[in-house]
Every structure is written in C-alpha cells, then in structure tokens.
Amino acid sequence: MRSDIFISASAGTGKTYNLVKNYIEVFEEAFRRGETLDVHNVVAITFTNKAAKEMKDRVISWIDDRIALGHPGKWKTLRNRLTYAWISTIHSFCERLLRESALFLGIDPGFQILSGMKRVMLEQQTVRGFFEENLEKLEPLIELTGLDEAFKIFRDSLSKLRHELAVHPSPAGYSSLELGEHAEKVMAGSECFCVNFRELLDRYEARSYRMGLVDFDQLLTKTRDLLLQMPQVREKYRERFKYILIDEFQDTDELQSEIVSLLRKEGMNYCLFVGDAKQSIYRFRGADVTIFNRTMDEFKSSGREALHLTVNRRSHPVLVEFQNRLFQKIMPPDYSGDYFRSVYEKEVEALPYESDELLERIRLIRSETSDDSKTVAAAIRALLEEEIHFRRKDGSCLKRKIKPGDIAILLRTFSRVSNYEQALEELNIPFYTVGSKNFYDRPEVAGPLAWLDLLVDPLDDWNFVTFLLSPSFGCSLDDILSLRSLPGSKGRPLYYAIQESKESKFIHLKELFDKFAQLKHVFSPSEILERFVSEIDYLARLATLNGAERMIANVRKMLELARELDRLGSSLRELSSNLKAFVDSSEESEASLETEESDSVKIMTVHKSKGLEFPVVVLADLFWKEKGSLRRILFDDRGFIIVKESSGRRNEEETVPGRLLSREEQKSFEEEKRTLYVALSRARDMLLMSANGRGNATRPWSRMLGGTLLDIESGELLPEMEDIVSQFEPVRLGPLPKREVEEGYELPDERYVLPVEDRSYVKYLSPTAITADIDDEFELSDRGGDAGLGRKSMDLGTLAHSLLEPLGIRGIHGTSPSLGAILDGGMPATVDRIRFTREDLNGVKRVLDGLRDHRIIKEIEESQRAMSEVHFQHGFRKYVLMGIVDKLYLKDGEWKIVDFKFARKNLSNIDKYRFQMEFYLYMLREFLSPVEATLFFLKDGEIETVRLARPEIFEKKLIEKIVESGGDRGES
C-alpha cells in the first residue's frame with residue numbers, strides 16, 4: 001500500500017498530468033503485484049464537471065497507449081470498466097454514494113437533483129413564507145439588524161451559508177465584555193436566528209424531500225450524516241475506496257473535508273491531495289484555504305511526502321519570470337501564524353522557448369479615466385495587426401497574426417462589462433461574453449418584463465417609465481414630460497395620464513393594455529409574453545435598430561426562460577421577479593451571437609477563467625473598486641455571531657465583532673492577492689495590463705501593485721520592472737472590416753413575429769373591460785377625491801380576497817375552515833408576503849372580523865361545495881367572454897355566486913356591478929345554472945343580490961354595452 005502524498009502545484013506546472021499519472025500508477029502497481037483492483041476501488045474527485053470529463057478522457061488516452069504497446073490483458077478490461085469509474089465532482093460523488101445508501105437516511109433513492117430555477121423558487125417561497133409567518137418570533141433579530149436585513153440573512157443563509165452553519169451550528173458563547181456595547185442585542189439576535197434557521201431548514205428539507213428533490217448542499221450534509229451516524233456504512237466505503245485522489249484541494253470547504261476525513265483510515269486506504277493555495281478564490285462558496293495550508297504543514301511536520309511542482313509548462317519564460325518577481329513581494333513566503341494568508345513559497349521555472357525574438361510580451365496600457373474600455377478595445381485592435389510566435393502543444397513555435405480568438409479580456413467584476421462590449425462593437429471586433437449578469441438590464445428585455453409587471457400593477461410608475469423608454473414602446477423623455485403636464489396629472493400615476501391622453505400612440509397603448517388586461521386571465525405568463533412580442537411585431541421592430549442580432553437573441557432567450565418558469569408553475573405576478581431571482585443566483589448571461597469556440601475575443605471574470613489558459617490575456621480595470629459590504633454572520637472556532645451594522649468598526653477592534661470583522665477584511669484582501677495571481681497566470685504567450693486612472697490606496701489590486709509593480713506616488717513602472725514590462729501606446733486604428741455572414745441576416749423565428757394561431761383576431765371581453773376604462777380591482781378603493789391614492793387600498797383588497805379564498809373549501813377530511821379559524825391564522829400563503837406588513841394583515845382582519853356571523857359567510861361555511869377564483873370563458877358571436885368568480889358555492893341544491901368588494905356600498909357604481917353579476921350568471925347558466933349572484937361589500941357588510949332576466953334580454957344589453965365601450969371598433 002502506498003503512503004499519502006501531498007502535491008502543491010503552481011499554475012501551469014502539470015497538476016492534471018500528475019493526477020492522471022497517479023490514477024494510472026495505482027493500477028499498474030496492482031497489476032504488477034497480482035492484486036485485484038477495480039474502478040470501484042479508486043475515487044478521483046475534481047472541482048468541475050468539465051475537469052472530471054477532461055480527466056476521464058486523459059485516463060482513457062493513457063490506457064489506450066498501454067493497449068497499443070502490446071499490453072492488452074487487464075488494461076483492456078479496465079478500459080471497458082471506465083464507464084463505472086468514480087471520477088467526478090464532490091457533488092456527483094456524494095449523489096452516487098447516497099443513491100447506494102439512501103434508505104439508511106429514509107431518502108428515496110430515486111431522488112432528483114434540485115438546481116437552477118427550481119431551487120431558487122423553492123428557497124424564495126420557503127424563506128418568504130417562514131419569515132412572514134414568524135415575524136413576532138424574529139423580533140430579536142429584527143431589532144438587531146432591521147427588517148430587510150433580517151430577511152436577507154435568512155435568504156442568504158439558506159442559499160449560500162448552509163455548509164458553514166452545518167460546521168458551526170451554534171452561536172459563540174462570548175461574554176458581554178467581549179461583545180461591547182451591543183452585547184445583549186447581538187446575543188439575543190444570534191440565538192433567535194439559530195433557533196429559527198433550524199426550523200426554516202427543517203421546513204425547506206421537508207418540502208424538498210416530500211417532492212423527491214435533493215439540492216447540492218443536501219448532497220453534502222446527508223453524505224456527512226450518513227458516514228458519521230452509520231459506522232457500518234462508513235466502514236464499507238473505507239474498505240471499498242482503497243485510493244482517494246482529491247483535485248483542486250485548495251477549493252475544499254470544511255464540510256467536504258470532513259467527508260474525505262470520514263472515508264480515510266490509516267493503513268486501509270491511500271490519499272493524494274493536489275492543489276495550489278495561490279489559486280484558492282472561491283471563499284464566497286465556502287472554500288477555505290486554511291484546510292489546504294494546514295494539511296500541507298501536517299504532511300511536512302510528520303515526514304510524509306509533500307511535493308512542489310515548480311516547472312511551468314504553459315507560459316512564456318518572460319511571463320513566468322514576471323510572476324516570480326511580482327508575487328514574491330505580494331505573497332511573502334511566511335504564514336505568520338495565519339493559515340489563511342497567501343504565500344509564494346517556491347520560484348517557478350519555465351520551459352525554454354524555441355523563439356528568442358525581441359518582443360514585448362508584457363505590456364502596460366493606461367487610460368486617463370477609470371473607464372478603460374475604449375483604451376482596451378483600441379489595444380486589441382492594434383494587436384490584431386501584429387504577428388508573434390505562439391508555442392504549440394508539442395513545444396514548437398509558429399509565427400502568425402494574432403486573431404480575436406487568441407484573446408481574453410479578464411475582469412474582476414462585471415459592473416462595466418457593457419462598456420467593453422460596446423467598445424469592441426464599435427471597432428467590429430467579434431466577442432463572446434461568458435456569464436454576463438446584464439441580461440435583465442438590457443432595454444430589449446427590461447421592456448417586456450416591465451409590461452408583465454404593469455399587467456399586475458398598472459399604477460407602478462417605475463415599471464411604466466421602464467416600459468415606455470424601452471424599445472418595446474420607444475417613448476422619449478419629452479413624451480413622458482408631456483404626460484406629466486396633462487391637466488390633473490400632477491401627483492397621480494402615469495396610468496391615469498395615459499387614459500386621458502389624446503395622442504394616437506398613447507390611445508393605441510391604452511387599447512393594447514385593455515386587451516392584455518383580459519388575456520392575462522386566459523393564457524399562461526409565458527404565453528402572455530409571447531403574444532405581446534407578436535402583437536407589437538417586436539422582433540421585426542428590433543431588426544431595424546443597431547445591435548439587432550444581439551437584441552433579438554436576448555428576447556428569444558427571455559421567452560425560453562419564461563417557458564421554463566411556466567413549467568414550474570410561476571404566476572404572472574411572480575414571473576418577472578422569479579426571472580430576476582434566478583439570474584441573481586445563477587449569473588444568467590446574455591444571449592451571444594458568438595460561441596465559446598468561435599474566433600472571437602472572450603470576455604469573462606477572473607473566476608470564470610480559473611483552470612483555463614489563453615494565448616493573449618488583457619487584464620482590464622486593474623484599479624477596480626471593491627463594493628463596500630458588511631458580512632453580518634461572522635464565524636470563528638467557537639461558533640458564529642450576527643453583528644449590528646454599526647458594530648465592529650476599526651475603532652472597536654478590541655471587541656469580538658471588531659476583531660472578527662477585521663479578520664474578515666484580512667481574509668478578503670488575501671483572497672484578492674490570489675485572484676490577481678489567477679488572472680496573471682492565465683496568459684500563455686502575451687499579457688496586457690490596463691492601469692485605469694490613478695491607483696487608489698483603498699482599492700485591492702492598487703494596494704498590491706503599489707510598490708511591487710508601480711511607484712506608489714507617481715504610478716510609473718518601478719525601475720526593477722522596466723526590463724520585463726513595457727509601456728504600450730497603441731496606434732488608433734479604424735474598425736475591422738465587417739465579416740461576411742453566410743446567406744445574409746437570418747429572419748426572426750416566424751412564430752415570434754407572426755400572430756399566434758388565429759387567437760390574435762379574437763376580441764376578448766370581460767365585464768370590467770366593457771363597463772370601465774380600468775380593471776375593476778383598481779376601482780374598489782375608498783380614495784376620496786384623489787384617484788392616485790387607490791393603490792394601497794387595492795393591495796389590501798387583494799389581501800382580503802386571499803384570506804377569504806379557503807372559506808368553504810373542504811379538505812381531505814371533508815371539513816372546511818370557518819372565517820374565525822382563518823382569521824386566527826397567519827398571512828395567506830397565496831400573497832406576496834413581503835409586500836404586506838403585519839399592520840396590513842391586522843387591518844384587513846379587523847374588517848373581516850365583524851362579518852363572522854354574516855348570513856353570506858354562514859351560507860358559504862355551511863355549503864355542500866365551494867370553489868374560489870373560478871376562471872371561465874365562453875364564445876359569444878365574434879367575441880370570447882371571460883371572467884373570474886370570487887366564490888361559487890352550492891347551498892340546498894342551488895349554485896350561488898358571491899363577488900367580494902373591499903369597499904363600502906356606493907350607489908354610483910351599483911349599475912356597473914349589477915351588470916358584472918348578470919354577466920357571470922349569463923356565462924354560467926348552461927354549466928351550473930346559478931340562481932343568484934351577490935355583491936358583498938366587506939367594509940360595511942352590505943349586499944346587493946342580482947338575478948338574471950331572460951338571457952335574450954341580457955344579450956341585447958351586452959351588445960349595447962360593447963358598442964358603448966368601443967369594443968367593436970374596427971370589427972366587421
């Protein structure tokens with residue numbers, strides 16, 4: 001049996017090669033000794049699926065070489081068995097292990113992985129529901145952090161911090177003296193969070209397991225629990241896994257490390273750890289570089305084998321020399337007692353380069369302003385005219401022109417990525433953006449999403465302005481000012497101004513809104529979005545604008561994502577927010593006209609570039625500005641605490657919060673050193689660095705480069721760097737000639753441009769469209785004289801409807817909740833719980849509380865059957881009539897309709913409301929023949945009961961109303 005080995009491998013020194021070599025060697029040794037060794041006995045854990053595939057491909061290649069050399073035998077058998085090899089990410093490894101032993105934990109072995117949109121939606125729904133239902137219990141935390149921040153702590157903890165909270169599950173027991181002036185609040189808030197987060201996690205896990213779903217965090221925690229709580233299972237896997245090879249060990253977190261430790265047993269199995277502490281840049285995902293550094297120190301102190309790979313096989317010798325000079329200063333070779341520190345232990349050598357041409361391989365470009373996008377684009381344009389020697393994989397060199405596909409622009413943050421895209425577009429330089437988060441900020445996407453939000457709430461001026469200024473409508477600021485200047489518009493939402501505007505484009509918008517206000521009751525959210533794109537000929541309109549191809553691709557991508565959310569049950573109200581929540585969690589990128597393999601400049605963050613290499617790297621925005629953010633949950637060996645926003649500043653470093661926050665800042669700064677190292681070590685043949693503006697001592701990379709590369713005072717190159725780094729002032733060249741596109745511009749997909757089937761030619765009508773200019777729900781408020789103040793009352797009406805929704809609905813045991821039982825409960829699950837306060841809920845409950853003994857309420861409670869929010873539609877001549885009944889119930893063998901109005905009875909609206917009830921009775925007459933429809937005014941308990949006259953009389957009235965409302969305008 002081998003002994004454990006620890007390999008520290010600097011960038012480009014053959015880490016993957018050594019991992020594959022060790023994988024093959026364990027089989028070679030077993031074959032030589034005549035031992036039985038199967039792929040089930042060797043585990044190789046890598047960091048990404050791409051790395052796992054690359055490793056498996058390399059293993060196959062090595063085995064094929066041995067078979068080709070005339071040693072088939074066991075190698076051929078091994079080759080055939082590689083389909084079952086344990087070569088995967090840590091999450092895939094845990095998934096496979098759990099499926100084998102899930103029954104020990106009471107989990108369905110056929111579980112599905114919860115990821116992407118499904119995970120985001122389930123997390124959002126669970127946190128939102130829990131938070132609003134338990135506001136009173138959460139008061140100590142809310143008092144410490146504030147309401148919004150408390151919600152964010154729960155959301156981020158469920159989404160991002162579960163691994164750390166699993167390792168440090170309890171608040172640290174600090175004394176009041178150690179915690180400083182906010183000691184009582186800190187401890188009370190931390191204890192409150194601890195207890196309630198466990199409850200939240202239990203609820204989330206119960207929901208996911210009930211649905212047969214397991215997310216990535218649960219894969220780890222359940223595997224740890226399995227190995228920890230089931231000794232017989234642990235021993236089984238220790239005996240099976242004779243060799244465990246861990247790649248990218250610097251990116252391991254404490255939970256993953258614990259899983260590996262539980263599988264290891266001295267003398268029973270062998271471990272190989274491979275990684276590079278200088279490339280540990282995933283702390284935001286829980287990666288802890290101290291695990292790597294501490295393990296390496298343990299190897300050294302115990303006399304076990306700890307190797308350093310120090311020959312760079314990737315980069316030009318000048319680039320390697322630059323890394324040595326720079327990082328020996330930035331990363332002094334001493335931990336100073338802190339394993340989180342970055343150290344540059346060994347100088348790295350480079351393989352000789354066949355070409356010795358005198359070429360500036362490392363160049364510094366400058367811009368006067370912090371926005372260096374145009375300077376970077378100009379530098380790239382100049383590079384595309386140069387010829388240089390490139391090293392091939394076999395070590396030989398080839399001189400050729402630099403191509404766009406050779407170049408990668410690396411950015412620490414994507415805050416200004418659109419500037420680089422625009423600068424490259426202006427010079428006709430093709431590019432591909434990897435992982436841009438600007439997708440939902442793009443005007444062509446933001447406009448249709450704002451339209452969806454307007455269909456839910458037309459009184460939201462922010463969404464209205466977003467929509468009006470987007471390509472969806474094409475309004476100017478002057479147009480909006482003209483709306484604001486209409487008589488009576490001051491202080492009122494834009495919706496009302498558009499209703500009164502006589503301009504043709506706004507008259508058309510009003511008609512469009514009226515139509516979609518009805519369609520939203522008939523079609524799914526994604527269908528609404530598709531029909532909007534079709535109705536306004538959106539893609540054809542975009543095709544006339546600059547950047548048309550990219551915009552059309554983005555709109556198509558938006559429609560695809562909307563369809564996916566439809567399949568997950570997203571409502572119209574939720575669609576826009578769920579799309580944005582998904583992009584926040586997944587870094588959803590814009591649609592691209594280029595591909596990762598195309599001859600185009602790649603734009604990506606440094607984090608996305610890890611593990612990759614490029615012939616030419618342009619490191620832009622060197623003096624990027626770090627976002628000022630305060631981490632509220634702080635961990636140490638004793639547990640965690642949640643700090644108050646104002647606590648723990650530098651003048652309070654003698655307190656525990658101050659000390660932990662100071663430690664956090666140090667750890668973040670050390671990781672920025674490693675991020676810079678990753679960025680500068682991606683280049684193979686040439687490196688450009690863009691010093692934008694003047695360095696600032698508060699900015700991370702500026703602090704590192706001052707005194708190591710650049711003079712702190714002047715910002716000029718240090719004399720000791722002038723022999724290796726040159727100043728580069730590119731000649732300003734014109735745009736590249738436009739590339740020929742085969743067969744010209746591709747027309748938009750027909751199903752997005754043309755009307756959807758024949759439904760576009762059908763007029764959809766509801767009673768509110770026929771009798772009013774605005775949805776009925778917006779007319780129900782007690783506004784007094786100001787129509788612009790109705791939104792809050794309308795919101796409370798939504799809340800009242802949600803509370804009454806379960807009334808009369810019988811459960812699986814045949815009983816239905818009374819109004820009293822409903823009012824004794826919490827916030828309804830069907831409403832946006834962050835939108836309403838506890839005061840809102842209590843106010844609506846006070847109104848409904850006075851109706852407990854009301855005749856209508858008692859009838860519904862005692863009904864034989866009841867239905868809520870009943871959607872229906874019915875053909876009528878050339879129209880489709882639509883409606884939604886609040887409550888339909890069966891009493892003494894007769895069906896009745898109730899429509900709730902969160903208002904007092906107002907005689908001025910009674911005729912309109914009576915028509916609405918007649919409309920419902922007419923629609924349902926052939927289906928259930930309801931005998932009456934009742935208007936129930938909740939604020940005063942008054943009712944208005946309506947019965948249907950002869951159908952032909954109502955039909956005549958209906959036609960008259962349609963004509964009066966202009967509903968047949970343009971119809972033949």
Side-chain angles (χ1 to χ4, degrees), residues 278 315-332 342 344 347-348 350 357-383 386 388 407-413 415-416 419-420 423 606 616-626 669-670 672-683 685-733:
K278 300 187 297 299
S315 302
H316 191 281
V318 173
L319 275 66
V320 175
E321 174 61 19
F322 174 66
Q323 292 167 24
N324 283 330
R325 288 194 201 178
L326 185 66
F327 287 102
Q328 281 177 339
K329 295 179 182 179
I330 292 176
M331 300 177 176
S342 311
Y344 199 83
E347 274 204 14
V348 178
E357 63 182 346
L358 296 174
L359 177 70
E360 297 168 340
R361 294 280 174 171
I362 304 175
R363 308 181 186 185
L364 186 70
I365 55 178
R366 296 182 180 276
S367 65
E368 294 300 318
T369 62
S370 61
D371 180 4
D372 60 353
S373 56
K374 291 188 181 297
T375 304
V376 166
I380 290 173
R381 175 67 184 89
L383 284 181
E386 289 192 35
I388 69 169
I407 303 170
I409 299 175
L410 303 187
L411 299 166
R412 177 59 184 84
T413 73
S415 57
R416 287 200 292 251
N419 294 15
Y420 297 94
V606 177
V616 180
V617 164
V618 181
L619 184 55
D621 194 14
L622 271 180
F623 302 144
W624 60 278
K625 185 177 181 181
E626 191 174 23
F669 187 63
E670 291 296 320
E672 290 305 336
K673 292 180 182 179
R674 301 191 290 270
T675 308
L676 180 61
Y677 174 79
V678 168
L680 294 178
S681 59
R682 298 307 95 198
D685 298 283
M686 181 181 288
L687 171 68
L688 275 70
M689 295 173 289
S690 174
N692 49 323
R694 286 296 305 273
N696 187 310
T698 65
R699 299 187 177 186
W701 288 359
S702 181
R703 289 169 61 190
M704 296 169 204
L705 297 174
T708 59
L709 175 66
L710 305 170
D711 182 84
I712 295 175
E713 297 297 327
S714 67
E716 297 300 317
L717 273 172
L718 291 173
E720 60 265 33
M721 285 291 189
E722 289 179 350
D723 66 319
I724 199 170
V725 181
S726 60
Q727 303 275 3
F728 182 46
E729 296 183 12
V731 177
R732 299 278 171 162
L733 300 173

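We're numbering straight along the sequence, starting at 1. These figures come from a predicted structure and were not determined experimentally.
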Any chance you could measure [X], atom [atom1], to [Y], atom [atom2], to the nearest 0.5 Å?
X    : Y    : atom1 : atom2 : result
L319 : N324 : CG    : CG    : 11.0 Å
M704 : S342 : CE    : OG    : 8.0 Å
H316 : I388 : NE2   : CD1   : 8.5 Å
R325 : D723 : CZ    : CG    : 4.0 Å
S315 : L687 : OG    : CG    : 9.5 Å
L705 : L710 : CG    : CG    : 6.0 Å

If we only count heavy atoms from C-beta on, is the [X] to [Y] side-chain gap below 4.5 Å?
X    : Y    : result
I330 : Y344 : no
W624 : R416 : no
L383 : E386 : yes
D685 : R361 : yes
L676 : L619 : yes
I362 : M721 : no

Please answer whether the main-chain N or O of [Y] pairs with a side-chain N or O of [X] as donor and acceptor at a distance below 3.5 Å.
X    : Y    : value
T708 : L326 : no
N692 : F623 : yes
W701 : E672 : yes

Taking all atoms of both residues into account, what is the closest heavy-atom pair of [X] and [Y], and its distance?
X    : Y    : value
V617 : A679 : CG1-O, 4.2 Å
E716 : R366 : CA-NH2, 3.8 Å
G706 : I712 : C-CG1, 3.6 Å

Flag if over 12 foreign heavy atoms under 6.0 Å of CD, E722: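 Yes - once you tally the heavy atoms of other residues, nucleotides and ligands closer than 6.0 Å, there are more than 12.
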Over 12 foreign heavy atoms within 6.0 Å of CD, E720: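 Counting neighbours around CD of E720, more than 12 heavy atoms of other residues, nucleotides or ligands fall under 6.0 Å, so yes.
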E626 with R412: basic N within carboxylate O range, under 4.0 Å: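 Between R412 and E626 there is no salt bridge, as every charged N stays at least 4.0 Å from the carboxylate O atoms.
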Lys/Arg-Asp/Glu bridge criterion (N-O < 4.0 Å) met for E670, R674: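 Judged by the 4.0 Å cut-off on N to carboxylate O distance, E670 and R674 do not form a salt bridge.
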Set of side chain to side chain donor-acceptor pair (under 3.5 Å) partners for S690, sequence neighbours left out: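 If we apply the side chain to side chain donor-acceptor pair (under 3.5 Å) test to S690, skipping adjacent residues, the hits are D372.
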Test side chain to side chain contact (heavy atoms under 4.5 Å, CB included) applied to L709 and L717, step by step: CA-CA 6 Å; L709 175 66; L717 273 172; 3.7 Å; yes
cation_pi(K673, F327) dist<6.0 Å, angle<=45: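 Pair K673/F327 does not count as cation-pi.
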Derivation of the side chain to side chain contact (heavy atoms under 4.5 Å, CB included) call for V348 and Q323: CA-CA 9 Å; V348 178; Q323 292 167 24; over 6 Å; no
Output a table of donor-acceptor pairs, distance under 3.5 Å, between side-chain atoms of residues 373-381 and any protein atom two or more places apart or on a different chain; print 'none' if there are none.
from, atom 1, to, atom 2, distance (Å)
S373, OG, D371, OD1, 2.8
K374, NZ, E426, OE1, 2.9
R381, NE, G734, O, 2.6
R381, NH1, E385, OE2, 2.7
R381, NH2, G734, O, 3.4

Qualifying salt bridge (charged side-chain N to carboxylate O under 4.0 Å, His left out) pairs, either residue in residues 701-711, two or more places apart: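 Pairs touching residues 701-711 that pass the test: none.
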